[in-house]
> 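Below are the structure tokens for one structure; questions will follow.
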Number of protein chains: 2
Amino acid sequence: MKLDSEHLEILAAIVEQGGLTEGAEALGKSQPSVSRSMALLEARIGLPLFEPGRRPLRPTELGASLARLGSRIHRANKEASLLVQRYRQGLAGRLRVGGSPIFMDGVVASMIAEFQSRHADVQIDQSYGYLNQLEAGLRNGGLDVAILPLHPGQVPPDLEFTPLLSGNNVITCRAGHPLTRTRGITLNHIAPYAWIAPPIDSPLYRDLQRALKSIGQEDFRVNFSGGTLASIQSVLTGSDALTVLPYSVVFLSRRTIPLEALPLKIDHAERQLGILRVSDRQLPPAVRQLTTFLLAECQRLQARMDHDQQITRRRG
Amino acid sequence: MKLDSEHLEILAAIVEQGGLTEGAEALGKSQPSVSRSMALLEARIGLPLFEPGRRPLRPTELGASLARLGSRIHRANKEASLLVQRYRQGLAGRLRVGGSPIFMDGVVASMIAEFQSRHADVQIDQSYGYLNQLEAGLRNGGLDVAILPLHPGQVPPDLEFTPLLSGNNVITCRAGHPLTRTRGITLNHIAPYAWIAPPIDSPLYRDLQRALKSIGQEDFRVNFSGGTLASIQSVLTGSDALTVLPYSVVFLSRRTIPLEALPLKIDHAERQLGILRVSDRQLPPAVRQLTTFLLAECQRLQARMDHDQQITRRRG
DNA sequence: GAGCTTCATAGCATGACGCTATATTACGGC
DNA sequence: GCCGTAATATAGCGTCATGCTATGAAGCTC
């Protein structure tokens with residue numbers, strides 16, 4: 001025979017409060033209501049839960065034992081309510097973010113760190129991938145959101161894209177690179193240097209091709225490729241090699257790594273770094289929290305980058 | 001906002017069974033019923049518990065977390081049902097038995113030991129007292145049952161008395177006592193010996209007085225008094241002192257302690273050892289179990305005593 | 001895409017639970 | 001031992017959750 005958990009919780013309240021009336025009050029119910037609940041419970045188990053003829057109602061041995069279990073149930077139930085509440089506020093839950101490697105490493109990861117310091121109970125599973133993989137992940141539920149640079153026209157109809165940052169690329173080299181002291185850089189100045197390339201299947205690699213083609217350099221020498229941002233940064237700072245990176249990545253990397261963006265205009269796809277998600281699916285609150293947070297952070301970052309570029313332009 | 005524990009348990013069942021239909025089956029409910037319960041729960045918390053558009057229903061992160069809590073609730077609830085069941089069968093609970101010291105020590109304790117070996121989860125609180133105390137204990141709920149020798153006419157109207165054993169007393173001495181070799185014992189034979197007396201306020205003390213008076217010995221010498229059965233037994237076996245004890249106590253003591261009952265008829269109150277309890281109060285099942293058990297044990301004991309006395313009589 | 005499985009919805013009956021008002025019963029003080 | 005007070009139980013009524021069967025809708029599998 002199954003007992004009603006609610007009844008056990010009520011019993012626990014009565015025993016803990018030392019009386020039916022107080023118990024009812026603690027539960028926010030009327031006294032007759034809990035009285036009847038206890039009568040029902042007693043009738044079902046067929047045994048007395050309270051000593052008969054005692055006015056501040058006192059539990060029997062069985063009543064006390066059941067009250068302990070009721071208390072356990074109450075705690076679990078309360079924990080459930082709390083979990084829902086925290087989940088609703090985006091303070092709890094698991095969150096699966098996928099994104100293109102360079103952006104994730106160079107821009108998003110530090111923001112996620114900041115986010116997590118505020119939302120300690122949100123567990124974040126980060127993964128890497130390009131458009132196709134990320135789309136698949138979003139559709140099959142393996143990802144909550146994807147973060148990647150995308151052309152507005154590229155967005156599939158069942159997905160929704162929220163831009164975060166402009167996605168313009170720049171030619172990057174180490175600080176103190178000979179080219180940083182060169183005024184009016186041309187193709188001729190660049191030609192001698194070797195290139196660091198991202199993985200061949202990455203959009204960034206195609207960006208690199210396109211950028212170099214746009215400045216007339218069809219054919220280029222690659223002496224390092226395939227690494228993640230950390231490797232690219234290391235090779236970049238340890239050599240005179242050049243590469244193409246999103247400006248935002250360079251901008252943020254400069255806080256800790258001596259990099260420079262060359263003031264050479266290159267063609268770049270009209271892409272924007274942004275958040276891609278399934279449009280009709282209701283996102284977990286933690287995800288909404290994160291997207292809101294990233295949006296705000298990126299707006300600040302964009303403002304700082306714009307400000308910085310104005311100064312650079314004025315100086316340059 | 002409070003969640004329905006029942007809903008959480010249902011959720012747990014669904015998640016554990018890997019589907020709504022299986023969950024419903026495991027719970028012994030119809031599929032539509034649990035479906036609606038989950039719809040209600042989802043509506044209340046305002047967040048999805050299951051991945052949308054998945055046919056073997058799969059929980060979301062939140063759903064899975066709540067299911068874990070539901071499982072905890074389920075375990076506690078099941079434990080409660082089990083407790084009730086065992087309690088109802090008299091296999092669990094606490095049981096407070098009070099009784100007159102000599103009987104409790106000499107007869108009841110060993111039976112209780114036997115009872116407890118069969119009902120391991122029954123906790124027994126034993127206490128000692130005479131009629132007045134025991135009555136009070138029964139009435140104020142401090143005792144479940146009392147075990148004592150009582151005259152049928154002495155039973156108060158609100159209490160109920162179930163006889164267990166005849167309460168006749170005998171004069172007792174150590175085995176090998178000079179009197180045991182004496183035929184046709186008279187007052188003169190007994191006169192020289194000192195007496196061991198129970199506590200002065202005990203009915204047994206009055207029995208002793210009465211018994212001795214009935215054989216003409218108004219005035220007797222007490223050289224030990226106030227001890228419990230264990231002490232009385234020790235003094236008895238270590239000296240030639242005499243005492244008056246219920247025959248049942250002597251009978252059972254003989255299994256381990258060398259005592260003899262003198263074949264001297266003495267007057268004794270028409271009392272019977274029995275169980276006293278409040279007549280209108282429903283007793284915990286464990287108590288009923290114990291009383292039934294004691295009844296059976298005492299019947300067997302009575303039969304053995306009767307048998308033994310026939311033999312003794314034939315021999316004597 | 002056919003067929004099967006799985007889940008959701010509809011409709012109805014029953015029972016539990018909420019409340020207020022009121023009766024009953026134990027406790028404490030004199 | 002009685003009385004006032006406090007604590008609990010009962011009565012009566014409306015609402016909502018839950019049980020069921022029958023049936024519709026949507027995924028999954030091959």
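Chain naming here is simple, since letters A, B, ... match the order of the sequence lines and numbering starts at 1 in each.
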> Taking all atoms of both residues into account, what is the closest heavy-atom pair of A/Pro59 and A/Ala64, and its distance?
CB-N, 3.8 Å

> Among D/dG19, D/dA17, D/dA9, which nucleotide sits nearest the side chain of B/Leu40?
D/dA17

> Please list, one pair per line, the donor and acceptor atoms closer than 3.5 Å that link side chains of residues 5-12 of chain A to other protein atoms, with sequence neighbours excluded.
residue : atom : partner : partner atom : Å
A/Ser5  : OG   : B/Glu9  : OE2          : 3.2
A/Ser5  : OG   : B/Asn77 : ND2          : 2.8
A/Glu6  : OE2  : A/Lys29 : NZ           : 3.1
A/Glu9  : OE1  : A/His74 : ND1          : 2.8
A/Glu9  : OE1  : B/Lys2  : NZ           : 3.4
A/Glu9  : OE2  : B/Lys2  : NZ           : 3.3
A/Glu9  : OE2  : B/Ser5  : OG           : 3.2

> So, OP1 or OP2 of D/dG19: does either fall under 4.0 Å of a side-chain N or O from B/Ser30?
no

> Please examine the side chains of A/Phe115 and A/Val122, heavy atoms only from C-beta on, and report whether any two atoms are closer than 4.5 Å.
yes

> Pick the closest DNA chain C nucleotide for A/Ile10 and for B/Leu20 by heavy atoms, then say which residue is nearer the 5' end.
B/Leu20

> Output yes when at least one side-chain N/O atom of A/Thr21 is less than 4.0 Å from OP1 or OP2 of D/dT8, else no.
yes

> Just how far is it from atom CZ of B/Phe161 to atom CD1 of B/Ile275, taken to the nearest 0.5 Å?
8.5 Å

> In whole Å, I'd like the distance from the CD atom of A/Glu25 to the P atom of D/dA6.
14 Å

> Within less than 4.0 Å of OP1 or OP2 of D/dT18, is there a side-chain N or O belonging to B/His7?
yes

> State, to 0.1 Å, how close B/Met111 and B/Phe293 come at their nearest heavy-atom pair, and which atoms those are.
O-CE2, 3.2 Å

> To the nearest Å, give me how far apart CD (A/Glu51) and C1' (D/dA9) are.
18 Å

> State which of D/dC20, D/dG12, D/dA9 makes the closest approach to the side chain of B/Arg36.
D/dC20

> Anything under 4.0 Å to a heavy atom of chain A counts; send over the first and last such nucleotide of DNA chain C, read 5' to 3'.
C/dA16 to C/dC27

> Does A/Ser37 use its side chain to pair, donor to acceptor, with the backbone of A/Ser33 at less than 3.5 Å?
yes

> Ignoring hydrogens and angles, state whether a donor on the side chain of B/Ser65 or B/Arg68 is under 3.5 Å from an acceptor on the partner side chain.
yes

> To the nearest Å, give me how far apart CD (A/Glu22) and P (D/dA6) are.
13 Å

> When you check the side-chain N and O atoms of A/Arg288 and A/Thr292, is any donor under 3.5 Å from an acceptor?
no

> So if I take the C1' atoms of five pairs at each end of the helix from C/dG1-D/dC30 to C/dC30-D/dG1 and get each local axis, what angle do the two axes make, rounded to 10 degrees?
60°

> Please walk me through it: do A/Asp158 and A/Arg139 pass salt bridge (charged side-chain N to carboxylate O under 4.0 Å, His left out)?
CA-CA 9 Å; A/Asp158 60 330; A/Arg139 291 210 181 83; 2.5 Å; yes

> Whole angstrom is fine here: how far is it from CG in B/Leu41 over to C1' in D/dA17?
13 Å

